[in-house]
Structures are given as structure tokens and as C-alpha cells.
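Notes follow the structure.
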Amino acid sequence: MTTTPPPKLFRDEAQVETIKCLSCGGPIALHSFGARQRVVCPHCGSTLAPEDSGALTLLEAASRKHQPSVLPLHARGQLDGIEWEIIGICWRRCVVDGVAYPWQEFLLFNPWHGVRWLIYSNSDGHWQLGHGLDGAPEILKQRHHGVRFDKQRYKHFQGAIAVVTYVEGEFTWEVHVDDKAEINDFVAPPLGLSIEQSSGPDGVELNFTVAHHVDAAEVWRAFQQPGKPPRTRGIGPLRPNHWHRGRRSMWLSCLVFVAAWWLLSDRLAATRHPTVAFQRDNISFDEPFAQEIKIGTPGETTAIEFTLAASPLDNAWAYADVLLVNLANDEAVGFGIEASYYHGIDGGESWHEGTSRTTHTVGGVAGGQYLLQIQPQRGGTGSTPTEYEVSVRQDVYLTRYSVLALTVILCFPLLAWLLGWLFERRRWNNSDYSS
């Protein structure tokens, strides 16, 4: 039985061409082929260009110190299931409000998949992996000058003038230190789209790049770097909003819990059998009222609903201090209850508010004999009430517990929405549209 050897991701090592820099004599290992436009010596920074024969010609001699990058030249790593090699490193920066923001761009190469850009931000430690677009995005007219590409909408995040400050390795285009380009970045986290405009000998050139966020730990593992990656800070332009990532599933879960809450509340309400423990009408407001009543069953607790109805009530109010004293242990339950009704005409339109009948619910009332004491009050500019009616119902269903449960259920998606909104606000505070 014979086995087929695994396919090679790169050419044989013999395909790597090593030459000497024409300026400093340092060795240069060339790894790409066919599309290189510029080679920058990693030792002295001299710029060279390939001839038709494959040799290199010196375009510009330079002498500069090697600048170590966060990833080394010619390191290999696997991202998105493809093995890449870093064949070029370019440092760029932009200056906004007098503050310089540098970043490092690593040109990745694979013989079968072409080139990609791995971008590291020195300012916040976030990473992006991008590639060039075959076509141009559609410009959208909206507040953030959005664009659309492949059915995805992107919002304009920021614009700046980028300047090349350091280069080494091989590049598929002409690159020089101090090259400038106008860059506009658009975001749809975790995706981003960049439009770069530069001027050259052939006129204005436009380049379009689409990228996605990459975790720093993933990059570090991919290129097998020692230790830990540089710490990320703040919210990067393409960093995924984890509060929005599971938003749909959270709302679906919330709907399931609301349905369960509805069924449970209905089932609990059906187990209650409210009965009238006490009722009295035509009680005068002129003096306090006291009456011994029985509530519930001794040894058990119940919920009661106390109702106050005053009449006539016209642009007036009625109030009562209510006290229920347990005759067995002298423990008391007290509360205040008010009914009011007002009406009038404002701007030719009639209005009214309030009601002459109001209720108050008390839970956890121990069953037994009680002394009901009522101290009534009244007032207003219209017809004040002369009599009132009270009733006490027992074994009522306390809706506030159901409302509390529903509030807790709804708090989770609302809290996630709020945290997601704060996350996005922090992101956009670093943009051209910070508030």
C-alpha cells in the first residue's frame, strides 16, 4: 500500500533566491516571484528593483538602522486556514490633532493564494487581516458617507493622510519612505473597508481593501511567537461587539421566558379564589371608623385588597389612614389610600383625571381577627365627598410579583442593548464623528 505525500504549501527551499544588496552587500532572501516591484534591503534600507533577467538594480542607496517590528520578516504562520509568509514590512503613521498614530503592515504571501495584509496598530494593539478588492464599492449618501460592497454596508469611520516611515522586504508595488496617501476607513464590525488614494507618475491611483478583525492571541499562535502578544487597549475600529453578537438568540430566549411567565402567572392566578371579608357603605367622613373583622384562616397568610370609594367626588380628593390590628398579638398593618377626581376645560378642550374609587393591595397578612380602623380626610375646590364605601377582599392574586418577574426577564436583553450601545459609543469616540 502506498501513501500520497501531503501537498506542499510553498515551493521547495531551493526556490528561494539569495542575493547581495548592491549598496551594503548584505544578504537578501527573495521569496516571492513574478509580481515583485520593489525590494527594500532590511539591513541598510536601500531600494532595489528587479530587472527582466531576475537580477536587482539599485534605485536608491540608503543607510538606516534596522527597526524591529512586532513580527519578524520571513516568519510563517497560518491564518484563515492558509499558511502565509511575511515578505514585506511597512510602517505608516498619520497625525491627528498633533498626535501621531503609527501602525505596522505585514505583506503576507502564499504562492497559490497571492498576498494579504496583516495590520497591527501600535496605538491600541488591535489586528486586522485584509486583501484587495477586484472592484470598487458603491458610495452611499448618508450621514457617515457610507459605502456598500458585496451587499454589506459600511459606515465612514475616519479619514487621514498616511505617511510611510519604514519599509523592508519585498513588495508588489513601488514603495518609498515618505510616500503619502489619503486613506478613508469604513467599518461594519468585525469587517472594515479602506479606500486609499495616492498620486504617482501615472496620475491618481485608488486602492480598495477589505479586512476583518483578528484576535491578538490568534496572530501570536499562528506565527509561533514567544511570550504573550502586545496588550490590546480600548475598542478597535473592527473589534466585534460581543453584546450584539448574540442579540437575536437573547431576544428569542427572552420571548420563551415571557411565554413561560405568562403561562405560570395565569396558572397561579387560577389557584386564587378571592372572597369578600368585609364591606360597608354610607360611612360618614365626620368621624373615625372602627370595626372588628375576620381575615383569612388562622395559621395561614393571605393577600388582601382594600378598596375605598368616595361620593360625590368632583374636583376634590378623599384620603384615609387605614390600620389593621391583629387582636391575637397586637401587630398592625398600616397604609394610606387616596381617591381623587378633577376635570375642567383647557384651551377649549375638556380634560379629566383620577377616579372616585381606588384600591390598595397588601400581601403576607396572617389570618385571624383584626380591628379595622379608618381615619378619613377630604378636601378640594369642588364638591367634597360626604360618605365613603370600603371593602376588603382576601386571597387575591398579587400581580406585582408577576410584574417583577417580567421586569427581570426583560432586563437581560435591555441591559445587553445598553452595554452594546456603550461599547459602540466608545468605538466611535475614536472616529471623526466622536461626540
Side-chain angles (χ1 to χ4, degrees), residues 265 268-346 350-408 411:
S265 298
L268 290 175
T271 62
R272 299 297 182 181
H273 303 285
T275 58
V276 177
F278 173 77
Q279 183 173 3
R280 179 69 60 86
D281 54 9
N282 299 327
I283 305 175
S284 174
F285 268 92
D286 296 332
E287 58 185 15
F289 175 83
Q291 176 70 45
E292 185 176 327
I293 64 174
K294 179 183 178 182
I295 297 177
T297 303
E300 299 180 0
T301 59
T302 186
I304 66 170
E305 181 183 82
F306 185 91
T307 301
L308 170 70
S311 62
L313 198 62
D314 189 5
N315 284 327
W317 56 269
Y319 178 83
D321 281 318
V322 181
L323 193 65
L324 283 168
V325 182
N326 192 323
L327 298 179
N329 53 23
D330 290 334
E331 292 184 356
V333 177
F335 55 89
I337 186 170
E338 180 180 0
S340 62
Y341 178 75
Y342 295 92
H343 64 89
I345 298 177
D346 185 11
S350 61
W351 61 271
H352 65 87
E353 62 180 11
T355 177
S356 61
R357 178 180 294 268
T358 185
T359 61
H360 183 83
T361 305
V362 180
V365 178
Q369 291 293 125
Y370 283 84
L371 178 62
L372 172 62
Q373 297 178 337
I374 302 175
Q375 182 67 47
Q377 301 177 39
R378 56 184 171 174
T381 58
S383 299
T384 57
T386 57
E387 297 178 341
Y388 64 94
E389 172 190 343
V390 297
S391 67
V392 179
R393 291 203 311 157
Q394 60 189 8
D395 199 27
V396 298
Y397 177 66
L398 291 177
T399 57
R400 63 170 175 259
Y401 294 118
S402 294
V403 173
L404 178 61
L406 180 62
T407 302
V408 171
C411 273

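Excluded from the calculations below are hydrogen atoms, water molecules and symmetry mates; all remaining heavy atoms, backbone and side chain alike, are included. Along the sequence shown, the residues carry numbers beginning at 1.
- Residues Q279 and D281 fail the side-chain proximity criterion, which asks for heavy atoms closer than 4.5 Å.
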Run the ring pair (Phe, Tyr, Trp, His ring centres under 6.0 Å) test on F306 and H360 for me, step by step, so that the C-alpha distance in whole Å, both residues' side-chain angles and the decisive distance to 0.1 Å come before the verdict.
CA-CA 5 Å; F306 185 91; H360 183 83; 8.4 Å; no

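- For the side-chain hydrogen bond (donor to acceptor under 3.5 Å, both in side chains) test, residues two or more places apart in sequence or in another chain that qualify with D314 are H343.
- Closest heavy-atom contact between L371 and Q373: CD2-NE2, 3.3 Å.
- Listed by chain and number, the residues in a salt bridge (Lys or Arg N to Asp or Glu O under 4.0 Å) with E292 amount to none (sequence neighbours excluded).
- Taking the side chain as every heavy atom from C-beta outward, V276 and V392 never approach each other to under 4.5 Å.
- Between T386 and P312, the closest side-chain pair of non-hydrogen atoms falls below 4.5 Å.
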Evaluate F285 against Q377 for side chain to side chain contact (heavy atoms under 4.5 Å, CB included), listing each step before the verdict.
CA-CA 7 Å; F285 268 92; Q377 301 177 39; over 6 Å; no

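- Between I295 atom CD1 and Q369 atom CD the span is 9.0 Å, to the nearest 0.5 Å.
- Taking both residues in full, the closest heavy atoms of V396 and P274 are given as CG1-CB, 4.2 Å, listed atom of the first, atom of the second, then distance.
- Ring orientation note: the planes of F278 and F289 are tilted relative to one another, at an angle of 30° to 60°.
- Scored by the salt bridge (Lys or Arg N to Asp or Glu O under 4.0 Å) test, R280 finds no partners at all (sequence neighbours excluded).
- Contact check for V362 versus V333: side-chain heavy atoms found under the 4.5 Å cut-off.
- Among residues two or more places apart in sequence or in another chain, the salt bridge (Lys or Arg N to Asp or Glu O under 4.0 Å) test is passed with D346 by none.
- Annotation for P385 and A316: closest pair CD-CB, 4.4 Å, computed over non-hydrogen atoms.
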Apply side chain to side chain contact (heavy atoms under 4.5 Å, CB included) to residues E389 and N282 and explain how you reach the verdict.
CA-CA 6 Å; E389 172 190 343; N282 299 327; over 6 Å; no

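- A distance of 8.0 Å separates CG in L308 from OH in Y388, rounded to the nearest 0.5 Å.
- Residue pairs meeting the side-chain hydrogen bond (donor to acceptor under 3.5 Å, both in side chains) criterion with at least one partner in residues 323-342, sequence neighbours excluded, are N326-Y370.
- Within the model, atoms NZ of K294 and CD of Q394 stand 8.5 Å from one another, a figure rounded to the nearest 0.5 Å.
- When all heavy atoms of A310 and A318 are compared, the closest pair comes out as CB-CB, 3.7 Å.
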Quiz: residues 296-305 side-chain donor-acceptor pairs under 3.5 angstrom, not counting sequence neighbours:
| unit_1 | atom_1 | unit_2 | atom_2 | d |
| --- | --- | --- | --- | --- |
| T302 | OG1 | D395 | N | 2.9 |
| E305 | OE1 | R393 | NE | 3.3 |
| E305 | OE1 | R393 | NH2 | 3.3 |

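- A pairwise comparison of heavy atoms in A332 and L323 identifies CB-CD1, 3.9 Å as the closest pair.
- Remark: the backbone N or O of T384 is not paired with any side-chain donor or acceptor of R378 at under 3.5 angstrom.
- The side chain to side chain contact (heavy atoms under 4.5 Å, CB included) test with V390 singles out one residue from I337, V322, I374, and that residue is I374.
- Atom OH in Y319 sits 11.5 Å away from atom OG1 in T358 (nearest 0.5 Å).
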